Undergrad: 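Got a structure for you, questions after.
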Amino acid sequence: MKVAKFGGSSLADANQFRKVGNIIKDDQKRKFVVVSAPGKRHDQDYKMTDLLIDFAEAFIEKDKYKSYYITILDRFTKIVQELELAETILTEIEDHIQGIMQSDLPDEQMINSFKAVGEDCSAKILSAYLQSLGIKATYMNPKDAGIILENDPTGAHLVQNSYQSIYKLRDHDGVIVIPGFFGYTKEGELTTFSRGGSDITGAIIAAGVQAELYENFTDVDSVFSVNPSIVKNPKEIDVLTYREMRELSYAGFSVFHDEALIPAFQEKIPVCVKNTNNPSADGTMIIAERAPDTTNNNCVVGIASNSGFKSIYVSKFLMNREIGFGRKLFEILEDENISFEHAPSGIDDMSIIVRNSQLPKEKEQFIIDRIYNELHVDTVSINRDLALIMIVGEGMKEAIGTTQTAANALGDAKVNIEMINQGSSEVSMMFGIKSNGVHRAIKSLYRAFFE
Ligand code: ASP
């Protein structure tokens, strides 16, 4: 049995729904289908989820929400009519949205309920469309599928025993279509995953039913070794390990959600990233182990970059001898609810890299003052406009000269290295550079490792 998840671009309009129908028809093993909300049809278009969020916020503020409502319904109407489906689905969709509007849900729950409408309607429409093709298909709400989540703001943690109830779906006759992106708490409250979270639903279902494969359909033939908007036609990746994918997703590869790797990884379900617009292409396999190439030329599988970071630089003479210094420093961050990404350190200094969103400009001085006054340090400063470059590959652990190749490439590109951090697992190497050097750096690193 396979689980096939289709992303927003795969369901952006009626024509895309038809492609999805053909893909499901093509392989009877595709018994579980998980869908996103309709995505953009072209660059200037809106994603359905973005429209729903804008609509929800305007509705709560009682501010001109009608135009969003009309746009949302129009898009579903167009898809349903072009697929020549019974218009009763549209009445159902309208009733569903009206039901949320008339509910007395608290604001956050109301926003979540609106956000989930995109996926929910995609699943209802796709299931009706598959039926029209003669496929025995059933829409199934995530609650009925068994996606019951802990009430935990840090992510998608299934309540214990959920997998057992999901496993029972194997006995279902025909194709089950499940909306992605949301689940329910034990108390029955609808909760959404983070953005792009339909991948997580797919992974949970794949792990739950012990699928032989989790196919993640998107709009590219494979995962590329670098961002194709920086390097034209970069090398495609055939096989990746979960750990490599995790490192690459972390630093900006948006093709597969990093949290979705957890259920797949735990149950060792192989994942294949495939293209709805070219389903015969092999795609990229993500698996538990692969024999890594340890030669300096081939040990790197991908290079990712992500902007939007800053670092807090702290120095104090004899820091290395002061017992508890690190704890006290991190306690300040914990107090202020700031999560950090990396913390490269020297004997007398330390840099703590955080996302910009964790440390807005107006909070900087307050944090500086706290560190200065409470830890009696020599200097504290903020280094802004940082980007992280992650060079990723399991083979790096045993390859000689990778850092040298990377550093030379950055030198050739006239990019100053602000920070280097090699993960303890040696699956990745991180370089902190100024954001304005990212394109130059990636191009040069690509040349060095892939050409
Ligand atoms: N529709 C949601 C989003 O745009 C979830 C998803 O597409 O996976 O983030």
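Quick caveat, the model's predicted, so the values are computed rather than measured. Just so you know, ligand 1 is whichever comes first in the structure, and atom 1 is the first atom listed for that ligand.
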Undergrad: So for G197, does at least one of its heavy atoms come nearer than 4.0 angstrom to any atom of ligand 1?
TA: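 Distance cut 4.0 Å: G197 passes for ligand 1.
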Undergrad: Report, in ascending order of atom number, the atoms of ligand 1 lying under 4.0 Å from any heavy atom of S36.
TA: 6 (C), 7 (O), 8 (O)
Undergrad: Side chains of K19 and N275 only: does a donor on one sit below 3.5 Å from an acceptor on the other?
TA: no
Undergrad: Looking only at side-chain N and O atoms, does Q266 offer a donor or acceptor that is under 3.5 Å from a partner on Y242?
TA: no
Undergrad: Give the minimum heavy-atom separation between Y139 and A123, together with the two atoms involved.
TA: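 Nearest pair, atom of Y139 first, then A123: CD1-CB, 3.7 Å.
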Undergrad: Please report whether ligand 1 has a polar contact with S198, defined as an N or O pair separated by less than 3.5 Å (distance criterion only).
TA: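 Among all N and O atoms of S198, at least one is under 3.5 Å from an N or O of ligand 1.
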Undergrad: Under 4.0 Å from any heavy atom of R195, which atoms of ligand 1 are there?
TA: 3 (C), 4 (O), 9 (O)
Undergrad: With heavy atoms of E119 as the reference, note each atom of ligand 1 found under 4.0 Å away.
TA: 1 (N), 2 (C), 5 (C), 6 (C), 7 (O)
Undergrad: Check this for me: does any side-chain nitrogen of one of R195 and D50 sit under 4.0 Å from a carboxylate oxygen of the other?
TA: yes
Undergrad: Any side-chain donor-acceptor pair under 3.5 Å between S10 and T276?
TA: yes
Undergrad: Less than 3.5 Å between some nitrogen or oxygen of F181 and one of ligand 1, yes or no?
TA: no
Undergrad: Are any of the heavy atoms in G8 under 4.0 Å away from ligand 1?
TA: no
Undergrad: Quick check: do I147 and I205 have side-chain heavy atoms less than 4.5 Å from each other?
TA: yes
Undergrad: Under 4.0 Å, counting heavy atoms only: does H257 come that close to any atom of ligand 1?
TA: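 No, H257 has no heavy atoms under 4.0 Å from ligand 1.
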